[in-house]
Amino acid sequence: MSRVSYQPLEYRSRRERLVRESMLWGSLDRLVRNPQGLIGLVILLLLVFAAVFAPFITWHDPNIQDASARFLSPSFEHPFGTDELRRDLYSRTIYGLRISLLISLVAVGVGATFGIIAGFLSGYFGGWVDTVMMRLVDALLAFPGLLAALAIVTILGPGVRNVGIAIAFFSIPSFARLARAQMLSERNRDYVLAAEALGAGAMRVVFGHITRNAIAPLLTQVALFMAAAVVLSASLSFLGLGEKPPDPSLGGLVNSSKSNLQVAWWYAVFPGAALAALLLSLNLLADAINEAINPFARRRA
Amino acid sequence: MIGYLVGRLVQAIPVLFLASIAVFLVLRLVPGDPADNIAGEDASPAQVAAIREQLGLNDPLPVQYGRWIGDLAQGDLGVSVRTGVPVRRLLSLSLPPTLELAVASYVIAILIGLPLGVIAGVKPRSGWDWLLSSYTVGTLGVPNFMLGVLLLWLFSVKLGWFPVSGRISFFDDPVGSIRYLVLPAFALGTGLGAVLARYTRTTVQAAMGQDYIRTARAKGLAGHVVVIRHALRNSLIPVVTIMALQVGHVLAGTVVIERVFTRPGLGRLVVDAILNRDYLIVQSTLLILVLIFVGVNLVADIAYGMLDPRVRRR
């Protein structure tokens with residue numbers, strides 16, 4: 001028998017090596033090659049840019065009543081028109097977008113972190129911890145998101161921060177459930193057994209070894225939950241349980257546009273369009289992430 | 001079958017129990033003393049103490065919980081602390097409009113979603129399939145309250161075809177009631193229709209590849225008979241479950257849509273109660289909503305078992 005010699009793979013460039021060998025870079029590469037993913041990413045980046053640099057790309061204070069008249073139709077000075085209190089709707093929309101993005105990012109970030117940690121530990125240890133945890137999750141999932149959020153806002157009172165807490169709280173059970181399933185499928189893999197055989201402690205096994213392999217599929221869920229969080233926070237603002245006036249929010253703008261539909265079509269249209277763009281980009285991105293990291297979801301051409 | 005039924009009922013109990021505890025705790029976790037809130041700012045300590053005693057707030061939590069559930073079982077939902085109106089009366093006024101809206105949304109969803117899902121499932125990658133995708137993407141981008149505002153603007157304000165706000169009971173005046181229901185039901189049912197269409201498409205497409213479809217075709221049945229009697233019938237079971245799970249979202253959606261169209265209902269009741277800090281109403285309403293949600297899912301599970309003998313045996 002001849003000896004088999006293994007040659008290291010040769011790559012044409014550093015970039016190719018990264019894409020081929022790293023799961024993260026490979027997924028990212030597939031993400032931007034997918035037209036859906038690229039469109040979602042570009043729109044989202046534009047919106048994030050607008051939200052981050054809001055003070056530099058607007059030229060009116062969102063809360064100051066400085067326009068020359070109420071209900072001015074869109075113009076160069078006021079691209080999205082003005083509202084019933086002579087405020088610039090362009091600034092209000094951009095600042096509202098800022099709040100929506102911030103809430104969904106922070107709330108889902110916090111909720112996902114707690115949910116994933118709880119789910120991982122519950123799945124890893126099993127036993128009564130797991131049973132109790134999952135019954136708790138069942139009970140929490142019995143509340144549809146908005147109702148759970150309503151209950152939490154009842155406890156904490158209306159306000160942006162409390163809406164964020166409500167969203168974080170309601171995303172915990174779903175992430176816990178998913179992370180647990182993910183953990184169960186990794187739990188008895190060879191590499192886990194190997195790490196355990198080498199004497200690694202539970203924390204090290206779970207967060208050092210398994211997390212690296214189990215986290216990617218949860219990213220799709222993060223994008224989907226961010227979209228859900230945007231809808232939820234907009235709905236709560238729409239109900240008047242979100243930010244305190246005069247601060248703007250996308251849901252709040254749509255709500256106040258409702259009483260002025262007869263005089264100002266632009267009042268509902270522009271904030272609504274910003275909301276739609278944000279939701280669409282997040283949903284497109286979620287789909288594309290799913291396709292990029294999950295070989296089974298990849299389209300067979 | 002009896003065993004399956006009992007098993008499902010028993011499984012629902014811990015969920016309901018934990019949910020009721022969660023709802024119960026909502027009222028207790030509110031910062032500050034509820035009695036202070038009720039008594040108002042310039043109440044004497046004696047008045048506050050009297051209210052505490054009256055509400056039973058001095059008892060240990062398990063005792064309070066037991067009393068609440070006991071009263072609930074006897075149909076006593078308590079009294080609104082703001083207006084003194086029994087919560088039961090408020091609910092009996094608010095529940096019918098909300099149920100009406102929820103049912104109408106389901107009707108709209110089924111009218112749009114089922115045919116679209118079936119056609120797209122039978123003809124994947126056709127124009128219908130493309131229509132389904134655009135419809136789904138559209139509903140993802142437009143939250144129900146925004147769709148509601150757009151419908152309100154176009155059909156009520158601009159065209160004047162439908163009333164702008166309000167509600168008439170279906171039993172008093174069916175035609176008038178429907179005029180008030182159409183737009184809210186569309187606003188809520190469109191998103192639901194997209195969910196329904198997507199699942200129907202997937203299951204019908206999977207069913208169309210099965211051997212029994214080939215057999216049905218081979219024995220010479222007409223195309224529509226094959227699709228409706230054979231493919232659709234087998235694919236409806238998971239779709240029913242998914243639609244039952246959506247009840248929670250629909251009930252939550254009514255809260256928002258009632259606001260858009262200024263309709264009376266549970267949603268208005270809850271939001272006003274939150275803003276007025278009238279917690280007993282929130283507590284009872286949330287519990288009713290969870291009960292409906294768990295109940296509908298239980299019925300769906302049982303229906304599932306009746307429709308599909310394979311489920312029972314597991």
Side-chain angles (χ1 to χ4, degrees), chain A residues 36 135-158 224 227-228 230-232 234-241 250-251 254-255 257-265 267-269 271-273 275-284 286-287, chain B residues 11 14-23 25-31 136-138 140-150 152-154 156-158 164 245-253 255-256 259-260 262 267 270-271 273-275 277 279 282-283 285-286 289-290 293-294 297:
Chain A
Q36 233 190 8
R135 286 291 83 78
L136 210 62
V137 163
D138 278 345
L140 284 174
L141 285 178
F143 292 90
L146 185 64
L147 295 184
L150 280 177
I152 293 170
V153 172
T154 309
I155 299 173
L156 301 174
L224 282 177
V230 170
V231 174
L232 197 59
S235 300
L236 286 168
S237 302
F238 182 81
L239 292 174
L241 300 172
L250 294 180
V254 175
N255 186 26
S257 78
K258 211 190 88 189
S259 7
N260 304 302
L261 285 175
Q262 254 154 339
V263 279
W265 57 266
Y267 201 155
V269 165
L275 192 57
L278 182 55
L279 288 174
L280 271 183
S281 65
L282 285 170
N283 276 298
L284 288 176
D287 267 3
Chain B
Q11 272 178 34
V15 171
L16 274 181
F17 176 65
L18 285 173
S20 70
I21 289 188
V23 168
L25 284 178
V26 167
L27 184 66
R28 320 295 133 169
L29 287 174
V30 172
T136 308
V137 170
L140 287 176
V142 182
N144 52 26
F145 66 89
M146 221 173 85
L147 181 63
V149 170
L150 290 178
L152 195 65
W153 173 69
L154 187 61
S156 296
V157 175
K158 281 281 158 195
V164 175
L245 278 173
Q246 295 294 318
V247 164
H249 288 284
V250 171
L251 290 174
V255 174
V256 180
R259 183 78 162 203
V260 177
T262 336
V270 176
V271 174
I274 293 177
L275 292 172
R277 308 174 77 83
Y279 301 119
V282 183
Q283 189 178 340
T285 315
L286 284 181
L289 290 175
V290 173
F293 178 70
V294 174
N297 281 294

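Throughout, protein chains are lettered first and strands after them, A, B, ... in sequence-line order, and every chain is numbered starting at 1.
- For A:S281 (side chain) and A:L278 (main-chain N/O), a donor-acceptor pair under 3.5 Å exists by modelled atom type.
- Contact of B:L289 with chain A is made through the side chain alone, with heavy-atom distances under 4.5 Å.
- For a residue to count as touching a neighbouring chain, one of its non-hydrogen atoms must lie under 4.5 Å from one of that chain's; by this rule A:S257 touches chain B with the side chain only.
- Heavy atoms of A:A234 lying under 4.5 Å from chain B belong to its backbone as well as its side chain.
- Put simply, CG on A:L250 and CE on B:M146 are 9.5 Å apart, with the number rounded to the nearest 0.5 Å.
- With a 4.5 angstrom heavy-atom cutoff, B:V282 touches chain A only via side-chain atoms.
- Residues B:V149 and B:V260 form a side-chain contact, since some pair of their non-hydrogen atoms from C-beta on lies under 4.5 Å apart.
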Report task. Kindly indicate, with the supporting measurements, whether the criterion side-chain contact (heavy atoms from CB on, under 4.5 Å) is fulfilled by A:K258 and B:T262. Result -> CA-CA 11 Å; A:K258 211 190 88 189; B:T262 336; 4.0 Å; yes

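- Contact of A:L239 with chain B is made through backbone and side chain together, with heavy-atom distances under 4.5 Å.
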Requested in this report: Check the pair A:L279 / B:L140 against side-chain contact (heavy atoms from CB on, under 4.5 Å), numbers first and verdict last.
Outcome: CA-CA 7 Å; A:L279 288 174; B:L140 287 176; over 6 Å; no

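- Ranking B:V142, B:L152, B:I21 against chain A, the residue ahead of the rest is B:L152, based on heavy-atom pairs under 4.5 Å.
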